[in-house]
Structure formats: structure tokens, C-alpha cells
Amino acid sequence: MADSLSVAQGREYLAIPGPSVIPGRVLQAMHRPSPNIYEGPLHSLTDSLIPDLRRVARTRHHVAIYICNGHGAWEAALSNVLAPGDKVLVPATGRFGHGWADVAAGLGAEVALIEFGKSSPMDMERIAETLRADRGHEIKAVLAVHVDTSSSVRNDIDALRAVLDDLGHPALLMADCIASLGCDRFEMDDWGVDVMVTASQKGLMVPPGLGFVFFNDKAAARRAELSCVSRYWDWVPRANPQEFYQYFGGTAPTHHLYGLRAALDMINEEGLEHVWARHARLANAIWAACETWGEHNGPLRMNIADPAHRSHAVTALRLETGQGTALRAWLADHLGLTLGIGLGMAAPDDPARHRFFRLGHMGHVNGQMILGLLGGIETGMRALGIAHGTGGVQAAAAVIAGR
Ligand SMILES: *Cc1c(COP(=O)(O)O)cnc(C)c1O
């Protein structure tokens, strides 16, 4: 049937919010025989990553690298600052806030969670109330997700620091930048973040497998007070290795290191400020298209209503029942375009979950990819008879063209 011809052959675009698109340069850097881990170029290459990682995190402080995914980085960070029974505060704005809280609970922490729902940023006043009530300073850390990838909300970490400072509360400020680092502006030192966790497979454009924990001297002092720390997660030898193997607590993630070297070179060459500006421009183009499609009774809605609180790396969207899943399937089958599933918006057995989907636009993405993504979505809605305002792609083109 001519009208259902698939035109999926060709280069695919995996537009899910992680793992992100891996640049050819990163893949090529990884395509090599195993290097010697005992001496030689791998050692100097690894040393060279540290200042560049600091630069991307905007910190002068320490970084420990782990062979793990984001969940591992969560656990690594908490293992260095919490003793069982310590209290932590988690202002949750989506699935990933709950996930980090759960990891803290697994380590024996007492978790106080403030629920901000699935489509709103943190309300600093409510957080301040809780911290103000904590007169004995029992809360040892605030676990804040910068961009929650499930809701695509971006939280104001700088404002959270101001809340702690205004109250003179000594809790550590810990930030999850797994979805935001290398996409949205993040200033670890200027914003007074004590511990930041991230991972390789999103804005850093490397396959999943590396987790990073950045920490300042205040966090290091907390670590020094703990009577015991898991040997494997301990950040002390990793951040200050006397022997090469201590960087990784064992065998180095050899190929990932070559990939990361190439990715950091790309970020340095483009300039971090430009990387942020590129993500912002492309996100604005996506929002302009979505806004237009939602006009004239089109059912498409962005999950985060206020652009000021939207991530530049991921966009969570909803249609009507069934349409989100149908659109994802059509695009994968017919165009070679894969969108992300909705996450944490409805229970797995609730048919409403088929309304939700997400667009990943993090890392190695440019204008033609985003225009292809948006043209694809518009085509899919047309093919499936999903009502939408016309002119979405033109609206995006206007943002990218700047006129
Ligand atoms: C992806 C992500 C995680 C989890 O990372 P995994 O590598 O899947 O363990 C945690 N937090 C945020 C904000 C993320 O985007």
C-alpha cells in the first residue's frame, strides 16, 4: 500500500533522553585495541581529563570517576557523605528525585521528601519552611535534581543555595546534573554546590558506563568525619590517586576514557557557553513547534507550562490516550526516528501512560537534526490523524533562523 510505505532506511536518529547520540569522533576514538593499563599513553590521557571535567562542571574542586551509570553515581556520592541514620531532604520534581531518595534510603538514611508533583519546579518557600523547622540541623544534605528527565523540569539550584545561606543551614547541597551537564548552564562553584553527580551518556556524548562525582572541600570534610566508607565508592583515592589503578579502584574503563577525551575536546572546541546557547536555541525551536501544534484544539501539550522552568536537554509531552505510543511506533517504523517513552507520568498498568512521550535533545544535536525531529513528528501526527495546529515546523525554523 503506497500510503503506508516505510522510509525508515538510512541513518537513524535516537531522540531519547539518554543514551544520547554518540558523535562519530567519539566512536572512532574508542575503536582501537586495548591499551596497556600499567604505563604509557593511557595514563597521561586520563590525567588530561581531570582539568577538562572541572571546566565543564565549572569547579576548581575535586572529581572522582566511577565505572557505573547514573544510579551508581548517586550511590557513590551519598556513600561519601552519609552515615546510616543521617537525615536528607529531597525536593522531588519527578521520577529521578524519587530515585535518588530511594538510593539514600537504601544506605540507611532517613529521607524527608517534599513532593512537588510531576509538572512543577521546586517551590523554594516550601523548602525554606522545612529547613527553618530543622532547628537542630539534623538534615545533613539536600538532594536536588537540576533537570528531572521524567518531567523535563529545570530547577533553580542557585536559588536553593540562597535558601540554605539565608537560613544559615549547614546541610550539603548536592545536585544531580546527569541530564543537564553540557546542556543547561550549571555553575558548581558560583552556585555553591557542594557535591554534583553526572554520567557519561547524556550531555557528555559518551556511551553509558562512566559516573562522575564532583565535590568541594566542605564535602571532603564531611567525608573525613565518617567512621567508615565503602572501599569501592570512597572518593579519596579516586580524586587523588597515588597509583594509576586508584583512579578507578581497579581496571580502568579504557575505551570510555578515549571516548571521553574526544567528547571533551569537542566541547572545548565549541566552547561551553556556545554549547549551552546551542541547546537553548534548539530547545526554543522545539517549544515553538509544540506551542503551534497545540493550537486550534490540537491535543499536544508540553509538560512544563512555563518556559523559564523547562530543560534545554529534554522535553516531556502528552497527547490523548494512546496517541503518544502510537506516534512513537509510527515514527520508528516509518521514519527511523525513535522518541523517548513517558517516564513516571502514569502507572505501568494505566492506559494513560500511552499519552506520554519525551524528546531527547541533549549533546550531539544540531539544527538539521532538530528540524528532522520536528518534521518527523508533524508527519507522524498527519499520518495518524492526530489534530494539530499547522505551521509547527515553520515556527521552529523561524527560531533557528532568528527571524
Ligand atoms: C538518566 C538520569 C539518571 C539515571 O542515570 P542511569 O545512567 O540511567 O542510572 C539519574 N538522574 C537523572 C536526572 C537522569 O537524567
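Just so you know, residue 1 is the first one in the sequence shown, and it goes up from there.
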- Task: Take the angle between the ring planes of Phe244 and Phe248 and call it parallel below 30°, perpendicular above 60°, tilted in between.
- Result: perpendicular
- Message: Looking at Glu243, I want to see if its CD is surrounded by more than 12 non-hydrogen atoms of other residues, nucleotides or ligands under 6.0 Å.
- Response: no
- Should we count CZ of Arg126 as having more than 12 external heavy atoms under 6.0 Å? yes
- Query: Is the distance between the ring centroids of Phe186 and Trp191 under 6.0 Å?
  - Reply: yes
- Item | Sequence neighbours excluded, every pair satisfying salt bridge (charged side-chain N to carboxylate O under 4.0 Å, His left out) that has a member inside residues 314-338 | none
- Task: Assess Arg223 against Phe215: is NZ or CZ under 6.0 Å from the centre of the six-membered ring, and within 45 degrees of the ring's axis?
- Result: no
- Please determine, by modelled atom types, if His62 and Asp217 share a side-chain donor-acceptor pair under 3.5 angstrom. yes
- Message: Quick check: closest heavy atoms across Val365 and Leu282, and the distance to 0.1 Å?
- Response: O-CD1, 3.6 Å
- Query: Do Arg358 and Ser152 have side-chain atoms, one donor and one acceptor, less than 3.5 Å apart?
  - Reply: no
- Message: Surrounding CG of Asp350 (heavy atoms of other residues, nucleotides or ligands, distance under 6.0 Å), is the total greater than 12?
- Response: yes
- Query: Checking Asn155 side chain against Pro121 main chain: does a donor-acceptor pair fall under 3.5 Å?
  - Reply: no
- Task: Identify which one of His309, His312, His361 satisfies the ring pair (Phe, Tyr, Trp, His ring centres under 6.0 Å) criterion when paired with Trp287.
- Result: His312
- What closest approach, in Å, do Ser311 and Ala283 show between heavy atoms, and which atom pair accounts for it? O-CB, 4.4 Å
- Query: If you take all heavy atoms of Ala101 and Val111, which pair is closest and at what distance?
  - Reply: O-CG2, 3.6 Å
- Message: Please report whether the ring centroid of His71 lies less than 6.0 Å from that of Trp74.
- Response: yes
- Message: Angle between ring planes, His137 versus His169, binned at 30° and 60°: parallel, tilted or perpendicular?
- Response: tilted
